[in-house]
Number of protein chains: 2
Amino acid sequence: MPKKSSTENGKRPTIRDVAALAGVSVPTVSRVLAGNYPVAPATRAKVLRAMRELDYVVNAHARALAGATTKTVAFVVDDVTGPFYAFIARGVEQEASSQGRLCLLCTTHGDPERELAVVELMREQHAEAVIVVGGAWDDPKYAERMRYFATVLDKSGSRLVLCGRPSLGEDVPATVVHYDNEGGSYAMTAYLLSAGHRKICYMGFGVGLSTTDERMAGFRRAHADYDVEVDESLLIHGHFSKASGREMTRHLLAERSDVTAIFAATDMVAAGTLKALREAGVRVPEDMSVVGFDDIPLASDLTPALTTVHVPHEQLGKEAVRLGLGRSETGDDQVVLGTHIVVRDSVAPPKHLSH
Amino acid sequence: MPKKSSTENGKRPTIRDVAALAGVSVPTVSRVLAGNYPVAPATRAKVLRAMRELDYVVNAHARALAGATTKTVAFVVDDVTGPFYAFIARGVEQEASSQGRLCLLCTTHGDPERELAVVELMREQHAEAVIVVGGAWDDPKYAERMRYFATVLDKSGSRLVLCGRPSLGEDVPATVVHYDNEGGSYAMTAYLLSAGHRKICYMGFGVGLSTTDERMAGFRRAHADYDVEVDESLLIHGHFSKASGREMTRHLLAERSDVTAIFAATDMVAAGTLKALREAGVRVPEDMSVVGFDDIPLASDLTPALTTVHVPHEQLGKEAVRLGLGRSETGDDQVVLGTHIVVRDSVAPPKHLSH
DNA sequence: ATGAAAGCGCTAACAC
DNA sequence: GTGTTAGCGCTTTCAT
């Protein structure tokens, strides 16, 4: 028959086994484990040897139950495969493990229900910090629930960290690590405007998404500063995906001929835009300028290389952990990281100006 | 003074608080939580109401300690940002959460030491399954340690799952979920060979990596079947990265002029290759055919769209969880998922044959 | 410096 | 059906 477990006793050794083998008491073993209390070198050695011999490892659950801290941070994202999230994840994981923490990964697939459920789950786990990544919904009911979770997490000794989304209000016990959406969007729009573009399409308008709100604010402010009116019919709704970018671009091409620049909501959207443009024989940047947002690695691989807004994803993740774990040290509960545009090859002045 | 009421002292409510408020015993509460035992509807209602009122959530650690299963699977990867890993991660996370499991994320950054340390950590956590993703090192010492971990994990009720790497041997208590590297490599090489290519460069040869070993086997077998000798000087060492691909390609171009096709070890490498080729003015596929391995999303975004070997990443992740959790149900401890080539636009017959 | 005793919050036999 | 009685493996007072 196919082998089963090579185990006979199937039980893992406990601290008691170690104590017995070493000929000391259980608390003594606990002390050498924690290393915080004085233990006679000789005893210590015996214990260590016993542990090695039994191949002992502590039971993290027992330890957590008995009061020691949990040593885990939870990480709640939309979808690990989003290049956006992946880099934040890397930052989180790096900082967490450098602080000796484990990292719980949960995904929500853009479902607010699931997001809330997951936060609940984290409460069961006593995660030291619960980091929720990505844009939030504008829905007041949703905000209310999030506020509630901030409170209950706080009460049970956890910290809610909002990463890449706005604060829930002054009095809510949550940490926010955000980046400057509005500023990046403003800079990019101004860049386009100053190149001479007047009909700029914003592609990938997510209704009720904090990210969109913030970026639109920058978009509008830049237009205002340049005395250019925003053409509301050029604010195109759609998802943050390549497929959606391609789709939206096709429609745009079919319906409008006055647009000279496309501001894609994300680099992913821009990738789809570029593809649709190429398929339609529209040259970039000669016939159409295209810019994105995020500065994911893909951006520099596209043809032409994409001019976009850089977001410090990885650092965002690190800060989230740092602040989530280190609160109270400083009153520093709020951080906004800067963004800046990265100029590559996808923007040129509009045709009528280019000669 | 009276203690107990957790609602007031800021501690999280326990099952005891719920029992008290509902006027029942602790085990009764436990029963409605578990839902596996008969409880009078009326009692049940009272308990539920009390839980809601106190905003109670179980303590996962206490539950784990008391014997109930841990409900977590661990996921050990090289680097979350690798597009390769991200999709496996998605599969793992999906299947895990659909089975009500939490997902622990650990990264190793290609460091065998850290990989082993992480497996140790997982032992403390009592993860039900520990999924180690990606190629392994050929080093016998490394294999020995992995075997050891398979054994200790097994002894403590966990299961080691090797995902995307070969088995450690028949008698090792580990599950393996692999994909057909050799077959995919064979198919691709044969495809190139049958298109007329005779001087094929294998780019990104990783010394001592199981992945490379397997792919080389397919590469060689195809050559043998076509009676073409493998030019050993065309097996170029390098990392699985875009930068490395670019670098290797530059060198190749500088030193050889007889190569008509490049088999990049991964799509990432291929992306670098393509870039270097474009920079050198070499047209793809007219002057040089290029193929990759993995079929990550990037592959179809490249110009030209990359012909590559498809690896079912996401399903790999799902199977890993399924098998890791479901062992003993079937003796099914070993699975190899198929691979197949995806033909896009980066291959053409070599020039001297193309007219 | 070390041991004894008392839980942490929960589940799991057993009774009733 | 429901309550009683025991722990799960560990950390912490508190003695000594």
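Residue numbering restarts at 1 for every chain, and letters A, B, ... go by the order of the sequence lines.
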Looking at B:Y148, I'd like to know if its OH atom is crowded, meaning that more than 12 non-hydrogen atoms belonging to other residues, nucleotides or ligands lie closer than 6.0 Å.
yes

Rounded to the nearest Å, what distance is computed from the [atom1] atom of residue [X] to the [atom2] atom of nucleotide [N]?
X	N	atom1	atom2	value
B:N36	D:dG1	CG	C1'	15 Å
B:R16	C:dC8	CZ	P	6 Å
A:I15	D:dG9	CD1	C1'	7 Å
B:H126	D:dC8	NE2	C1'	10 Å
B:L54	C:dG9	CG	P	14 Å
A:E124	C:dG9	CD	C1'	13 Å
B:N59	C:dG7	CG	C1'	14 Å
B:H61	D:dT11	NE2	C1'	15 Å

With respect to the side chain of A:V39, which nucleotide from C:dG9, C:dT11, C:dT2 is positioned closest?
C:dT2

A:A66, nearest nucleotide to its side chain (from C:dT11, C:dT2, D:dT11)
D:dT11

Main chain of A:Q99, side chain of A:R101: is a donor-acceptor contact present, judged purely on distance under 3.5 Å?
yes

Counting N and O atoms only, with roles assigned by atom type, does the side chain of B:T108 sit under 3.5 Å from a partner on the main chain of B:V77, one being a donor and the other an acceptor?
yes

Look at the aromatic rings of B:Y142 and B:W137 and report parallel, tilted or perpendicular, splitting at 30° and 60°.
perpendicular

Using the ring of each side chain (for Trp, its six-membered ring), is B:H126 parallel, tilted or perpendicular to A:H61, with breaks at 30° and 60°?
perpendicular

With sequence neighbours excluded, residues passing side-chain contact (heavy atoms from CB on, under 4.5 Å) with B:S98
B:E95

Whichever of B:T43 and A:L65 has the more 5' nearest nucleotide on DNA chain D, that residue is B:T43

On DNA chain D, more 5' by nearest nucleotide between A:Y37 and A:P13 is A:P13

Is any side-chain heavy atom of A:L102 closer than 4.5 Å to a side-chain heavy atom of B:L121?
yes

Between B:P173 and B:T151, is there a side-chain heavy-atom distance shorter than 4.5 Å?
yes

Has the side chain of B:R31 got a donor or acceptor atom sitting under 3.5 Å from an opposite partner on the base of D:dG3?
yes

Return the angle between end axes of the helix from C:dA1-D:dT16 to C:dC16-D:dG1, with five pairs used per end and rounding to 10°.
30°

Mind listing the residues from residues 21-29 of chain B sitting with a heavy atom below 4.0 Å of DNA chain D? Number order is fine.
B:V24, B:S25, B:P27, B:T28

B:L162 pairs by side-chain contact (heavy atoms from CB on, under 4.5 Å) with which of B:V172, B:V176, B:T175?
B:V176

